[in-house]
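The structure appears right after this line, and notes come after that.
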Amino acid sequence: MRIQSGHGHMAVMFSSTLPVWPGQRKHPHCSPAELLWTLMFGPAKIKMLVSSFVLLMVVFAKWVEPYIAQYRDVDQDTYEPSENQKSPEYYRDGSGTECRRCCDPAEEAPQYASPYPQYNIVPQINITILKGEKGDTGVRGPYGKTGKSGQTGPRGPYGVKGNKGSIGSPGEPCKSYYAAFSVGRKKALHSNDYYQTMIFDTEFVNLYGHFNMFTGKFFCYVPGIYFFSLNAHTWNQKETYLHLMKNEQEMAILYAQPSDRSIMQSQSLMLELERDDQVWIRLFKGERENAVFSDDFDTYITFSGYLIKAKSEG
């Protein structure tokens with residue numbers, strides 16, 4: 001008996017003498033069922049069992065052969081050369097056409113990139129359908145911090161010239177301020193142990209009575225710039241030492257050294273006075289013999305002053 005498989009040939013030979021049934025000689029090509037019947041009911045049981053086992057193995061191998069081929073292909077090396085690297089020897093027949101078994105699973109067709117862009121459809125939701133009613137106005141929040149001051153911008157263009165205004169009401173008449181005095185002394189004056197204020201006994205000019213004849217001082221009622229002058233006659237062989245005072249401050253001095261003859265001595269200056277300032281003449285105290293000459297008939301000592309410009313005039 002001879003059996004052929006898919007990839008090769010397998011032959012099983014029976015050389016033992018088996019019992020035959022009637023008509024077997026006439027039909028030597030019997031079926032497997034008839035052969036099995038013969039083995040089971042033959043005289044030599046051992047040989048029949050061996051033959052039956054061999055026959056079953058052949059049938060089983062025939063049945064599982066497709067499954068074994070499938071797993072054998074999976075266990076092989078997965079490396080496959082690219083289409084450009086495959087040589088004609090790779091193919092079994094050398095013709096360039098791959099040989100493939102009919103039982104192999106079909107391969108998927110290669111995916112080629114589309115020349116056109118692929119667009120994904122995104123669903124859109126109309127928010128106005130889901131929008132609710134408008135809520136109430138919330139409480140006003142606190143004020144934020146004050147920002148930094150910006151830079152000064154450029155100066156803008158000049159505006160259009162406005163219309164001429166109406167004539168205003170007439171102002172007060174222009175006021176002129178005056179202050180002046182001129183006084184003299186006819187009596188001589190000698191120094192002692194203390195300072196002496198020179199009192200004048202002759203009044204030449206005393207505008208508005210700003211010079212007080214009893215105290216010997218000029219009181220400023222009109223602030224501004226004033227001019228003052230002092231004239232005195234010295235005493236021979238005696239020193240003459242006078243100060244022109246502003247309040248309690250010494251502003252100028254009239255001085256003459258002792259001499260064999262007497263002379264006229266003068267001093268003048270300008271002062272800026274404020275209201276209620278006082279200007280007067282003081283005789284120095286008697287550390288040395290100090291005197292101012294005069295007689296009862298002529299005026300040898302004069303003191304004068306007047307306003308040059310009032311402070312209100314600017």
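Numbers here are sequence positions counted from 1.
Heavy atoms from other residues, nucleotides or ligands lying under 6.0 Å from CD of Gln257 number 12 at most.
Judged by distance alone, the side chain of Asn290 and the main-chain N or O of Tyr241 form a donor-acceptor pair under 3.5 Å. In terms of modelled atom types and a separation under 3.5 Å, the side chain of Arg282 and the main chain of Gln196 share no donor-acceptor contact.
Applying the side-chain contact (heavy atoms from CB on, under 4.5 Å) test to Asn236 and every residue at least two apart in sequence or in another chain returns nothing.
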Practice item. Determine, stepwise, if the pair Tyr255 / Glu239 fulfils side-chain contact (heavy atoms from CB on, under 4.5 Å). Key: CA-CA 8 Å; Tyr255 177 77; Glu239 188 179 41; 2.4 Å; yes
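No side-chain N or O of Ser268 forms a donor-acceptor pair with one of Ser229 less than 3.5 Å apart. Residues Gln237 and Asp260 bring a donor and an acceptor atom of their side chains to less than 3.5 Å of each other.
A perpendicular orientation is assigned to the rings of Phe303 and Phe211, their planes being inclined by more than 60° (bins at 30° and 60°). Between Phe228 and Phe181, the ring planes lie tilted relative to each other; the angle falls in the 30° to 60° range.
Residues Ile199 and Arg185 form a side-chain contact, since some pair of their non-hydrogen atoms from C-beta on lies under 4.5 Å apart. Counting only heavy atoms from C-beta outward, the side chains of Trp280 and Phe218 never approach each other to under 4.5 Å. A 4.5 Å side-chain heavy-atom check between Phe200 and Ile281 finds at least one atom pair inside the cut-off.
Separation of the Tyr226 and Tyr306 ring centroids does not fall under the 6.0 Å cut-off.
Each of Asn231, Leu242, Leu254 was compared with Gln267 under the side chain to side chain contact (heavy atoms under 4.5 Å, CB included) criterion, and only Leu254 meets it.
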